[in-house]
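Contents: one structure, followed by commentary.
These values consider heavy atoms only, across backbone and side chains, with no hydrogens, waters or symmetry-generated copies. By convention in this document, chain letters (A, B, ...) are assigned in the order of the sequence lines, proteins followed by strands, and residues within each chain are numbered from 1.
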Amino acid sequence: MPTSWADSVAAENSAAGGAVGSANNGGVGSNSVSGRSAYVPPHLRNRPAPSSTPSAPAASYAGSVSTANDRIGGQVDSFQGGGNRWGGPRLGGGGSGSSGASVGGRGGSGWNTRSGGWGRGREREVNPFGDDDSTEEMFQQENTGINFDAYEDIPVETSGENVPPPVNTFAEIDLGDALNQNIRRCKYVKPTPVQRYAIPISLAGRDLMACAQTGSGKTAAFCFPIISGIMRGQHGQRPPRVPRMAFPLALILSPTRELSCQIHDEAKKFAYQTGVRVVVAYGGAPINQQLRDLERGVDILVATPGRLVDLLERARVSLQLIRYLALDEADRMLDMGFEPQIRRIVEQMDMPPPGVRQTMLFSATFPKEIQRLAADFLSSYVFLAVGRVGSSTDLIVQRVEYVHESDKRSHLMDLLHAQRANGVHGKQALTLVFVETKKGADALEHWLCVNSFPATAIHGDRTQQEREQALRSFKSGNTPILVATDVAARGLDIPHVAHVVNFDLPNDIDDYVHRIGRTGRAGKTGLATAFFNENNTSLARSLSDLMQEANQEVPAWLSRFAVRSVHGKSRRGGGRFGSRDFRRESSLTRGVTDYYGGGNLSSGYGAPGGYAGSYGPGVTSAWD
DNA sequence: TATACGA
């Protein structure tokens with residue numbers, strides 16, 4: 001175990017080197033089974049591969065996807081033929097009917113042309129990737145050099161009725177030519193675990209509560225089925241002719257503006273030349289441009305809750321045609337601060353009820369209480385938990401240091417000094433410092449700058465311009481220290497963050513998990529340092545449990561805090577999954593033993609990390 | 001009580 005900060009950085013660097021090396025050896029399309037290397041999230045697979053060039057798109061892909069038209073003529077869609085809008089069971093819902101991986105039962109009218117389907121829009125669509133010649137180039141940056149064999153080690157658990165089986169390749173899924181082409185352009189050769197499970201579930205029309213780390217391919221996991229579904233046009237309705245009112249078919253909500261932008265950018269790529277129109281709406285930016293975008297037509301609306309409520313109140317958006325609802329970082333969206341707004345949007349406007357629309361909730365953690373709330377939005381849903389093995393928390397070295405409130409600044413300075421001295425070319429590695437308050441963020445940023453550490457800050461009181469500027473400046477290494485409130489804790493994809501410092505620890509262990517998840521990405525290891533003192537007593541228990549679960553060294557003094565704090569919550573439902581299906585523990589399931597008959601457990605328990613152990617199948621987590 | 005989310 002590293003004994004000093006510098007040691008752990010050194011250890012981290014060598015570990016990262018090894019992991020990347022073996023990933024390249026494994027290579028895309030290689031059948032090598034040697035060397036399980038680190039799981040690299042899909043959007044970060046653009047690590048320059050020094051010794052290997054990315055292979056061409058997988059052979060298994062080419063020509064193997066039938067067009068959707070081949071499959072048309074399955075089950076009749078209840079939306080077809082007009083009649084009662086809410087009438088009839090949702091296609092594939094309720095666990096009856098089609099649940100095959102091939103999704104053969106879908107279909108109905110074939111490609112609908114509401115948004116142009118295959119045809120319209122292709123010429124007029126602005127190439128989101130720059131000029132037309134560089135399209136391939138833009139996609140190019142996506143991912144290369146991943147060892148897909150590492151996926152096999154990630155444990156996945158599903159529960160619910162008649163869970164559609166997972167797929168192993170994109171070729172097995174009938175997503176349509178245009179979408180397939182974008183997948184190929186993105187060099188997504190093989191689906192990530194969350195995609196392997198979530199996409200068939202979603203294509204089968206089922207609701208989904210999915211627990212997976214950000215960076216595991218979640219965005220694609222909900223975007224692909226939505227785009228594909230919209231292209232098939234399984235809606236019998238023409239949008240009502242209401243002037244200046246937009247009628248999106250899909251709504252994707254996320255808790256921060258930056259995250260919505262990020263999702264929008266990704267969705268644009270996936271939807272390129274499909275005729276499916278993606279629009280983003282968030283606060284802090286002039287609303288006029290967003291209104292114009294909406295007026296020009298929207299199929300998928302990505303939004304933050306506040307701005308969406310605004311748009312709904314102005315009657316510029318109607319949710320009555322929504323067929324897909326996705327909540328990203330769903331646990332945050334349903335916690336105290338956001339819940340009323342979300343309920344208002346989902347339950348008190350004109351959105352179709354659960355069972356009519358299809359709902360997908362994604363988050364890295366899913367506390368039981370939140371699952372209970374979330375169940376209100378879902379109908380006969382599948383619970384999916386993708387393990388963390390090989391994903392971020394395994395790659396993060398977590399340290400906790402006892403630091404008095406008054407010593408925090410000088411202690412941080414020591415860390416930064418050591419880091420700079422230790423860094424490559426004397427450069428400061430990207431360091432993300434979390435504080436509790438917006439004022440605290442400003443103060444610390446100022447103090448760092450005064451002490452000649454190039455720092456910037458991001459929090460909710462800054463203008464959107466300032467926020468984006470700070471993020472850019474941090475990403476580019478211009479100001480390699482970013483002081484942040486929880487606005488930056490979730491979902492944001494900032495490559496190369498070497499160190500996360502919890503200057504102020506959060507009150508909730510799940511927030512801690514999200515925060516440290518900003519490092520340890522791209523198959524690199526990362527370092528997370530927390531400053532702990534009496535103010536954090538309530539976190540002692542869960543923090544020490546979490547660290548123990550992650551095979552981290554737990555200082556003896558922390559364990560003593562943990563024992564002392566009677567009220568401290570223990571880490572529930574965690575383990576190698578962010579959570580487990582609360583229905584499995586509830587009394588509702590008593591006497592319904594095969595309620596989970598469709599559930600299946602992957603064979604991922606021999607995973608690296610040293611905590612695979614004496615647990616047989618049926619045990620959700622070795623850490624429970 | 002903090003954070004985030006519309007002006």
Side-chain angles (χ1 to χ4, degrees), chain A residues 214 251-264 280-291 294 301-317 327-346 348-349 363-365 367 370 405 408 432-445 457-468 470-471 482-492 500 502-515 517-518 530-531 533-539 567:
Chain A
T214 305
L251 177 62
I252 300 171
L253 291 173
S254 92
T256 67
R257 298 165 184 171
E258 285 78 8
L259 195 48
S260 281
C261 289
Q262 193 176 292
I263 294 167
H264 172 250
V280 66
Y282 55 87
I287 202 168
N288 285 337
Q289 181 58 45
Q290 293 172 9
L291 288 174
L294 287 168
L301 177 58
V302 184
T304 49
R307 179 53 62 94
L308 178 60
V309 168
D310 191 1
L311 291 167
L312 291 166
E313 279 172 356
R314 294 174 187 230
R316 299 301 295 262
V317 168
L327 301 193
D328 202 10
E329 306 297 338
D331 63 335
R332 168 61 91 224
M333 304 292 279
L334 294 174
D335 80 3
M336 291 196 321
F338 268 124
E339 193 202 341
Q341 254 176 326
I342 300 299
R343 283 200 186 274
R344 182 147 175 237
I345 292 166
V346 176
Q348 288 156 29
M349 306 304 291
S363 185
T365 57
I370 300 292
E405 211 59 44
K408 280 184 173 177
L432 187 49
V433 183
F434 280 105
V435 296
E436 196 60 17
T437 65
K438 294 178 276 204
K439 269 171 108 179
D442 284 332
L444 187 58
E445 176 205 20
I458 184 168
H459 61 70
D461 276 355
R462 297 235 159 153
T463 67
Q464 191 56 22
Q465 273 198 338
E466 289 172 322
R467 286 164 60 159
E468 282 165 22
L471 216 46
L482 179 64
V483 183
T485 60
D486 267 332
V487 72
R490 285 159 183 268
L492 278 195
V500 169
N502 273 291
F503 189 89
D504 301 318
L505 274 163
N507 296 316
D508 189 321
I509 190 66
D510 287 334
D511 290 330
Y512 174 83
V513 172
H514 282 281
R515 285 179 178 187
R518 295 314 100 209
F531 296 174
N533 60 37
E534 283 82 2
N535 297 336
N536 313 113
T537 315
S538 66
L539 197 70
H567 303 296

So, is A/K439 near the phosphate of B/dA2, with a side-chain N or O under 4.0 Å from OP1 or OP2? no

Once side chain to side chain contact (heavy atoms under 4.5 Å, CB included) is applied, do any residues pair with A/A441, and if so which ones, sequence neighbours excluded? A/V435, A/H459, A/V483, A/T485

Rounded to whole Å, the CG-P distance (A/L259 to B/dC5) equals 10 Å

Quick one: does A/V302's side chain get under 4.5 Å of A/S254's, heavy atoms only? no

From the options B/dA2, B/dT3, B/dG6, select the nucleotide whose nearest atom is closest to the side chain of A/M336. B/dA2

Whole angstrom value for the distance that separates P of B/dG6 from CG of A/D310: 8 Å

The residue among A/D508, A/D510, A/D511 that forms salt bridge (charged side-chain N to carboxylate O under 4.0 Å, His left out) with A/R332 is A/D511

Listed nucleotide nearest any side-chain atom of A/H459, set B/dG6, B/dC5, B/dA4: B/dA4

Please state how far atom CG in A/D442 lies from atom P in B/dT3, giving the value in whole angstrom units. 11 Å

Please classify the nucleic acid contact of A/R515 as base, sugar-phosphate, or nothing, using heavy-atom distances under 4.0 Å. nothing

Regarding the side chain of A/E313, the nearest nucleotide among B/dC5, B/dT3, B/dG6 is B/dG6

Quick one: label A/G337 by what it contacts on the DNA or RNA (base, sugar-phosphate, nothing), any heavy atom closer than 4.0 Å. base

Taking the minimum atom-to-atom distance to the side chain of A/F338, which one of B/dG6, B/dA4, B/dA2 wins? B/dA4

Does B/dG6 have OP1 or OP2 sitting under 4.0 Å from an N or O in the side chain of A/T304? yes

Using whole Å, report how far CD of A/Q464 lies from P of B/dA4. 12 Å

Nearest-neighbour nucleotide for the A/T256 side chain, B/dA2, B/dC5, B/dG6 considered: B/dC5

Using a heavy-atom cut-off of 4.0 Å across all strands, would you classify A/V487 as base, sugar-phosphate, or nothing? sugar-phosphate

Atom CD of A/E258 and atom C1' of B/dC5: how far apart are they, to the nearest Å? 12 Å

Just N and O in the side chain of A/R467: are any of them under 4.0 Å from OP1 or OP2 of B/dC5? yes

When rounded to the nearest 0.5 angstrom, what distance separates CG in A/L251 from CG in A/L327? 8.0 Å

So, is A/R257 close to the B/dG6 phosphate, meaning a side-chain N or O under 4.0 Å from OP1 or OP2? yes

How long is the line joining CG of A/L291 and C1' of B/dG6, in whole Å? 13 Å

Calculate the interatomic distance between A/R344 atom CZ and B/dA4 atom P; express it in whole Å. 21 Å

If you count the non-hydrogen atoms of other residues, nucleotides and ligands that lie under 6.0 Å from CD in A/Q289, is the total more than 12? yes

Just how far, in rounded Å, is P of B/dG6 from CG of A/L253? 11 Å

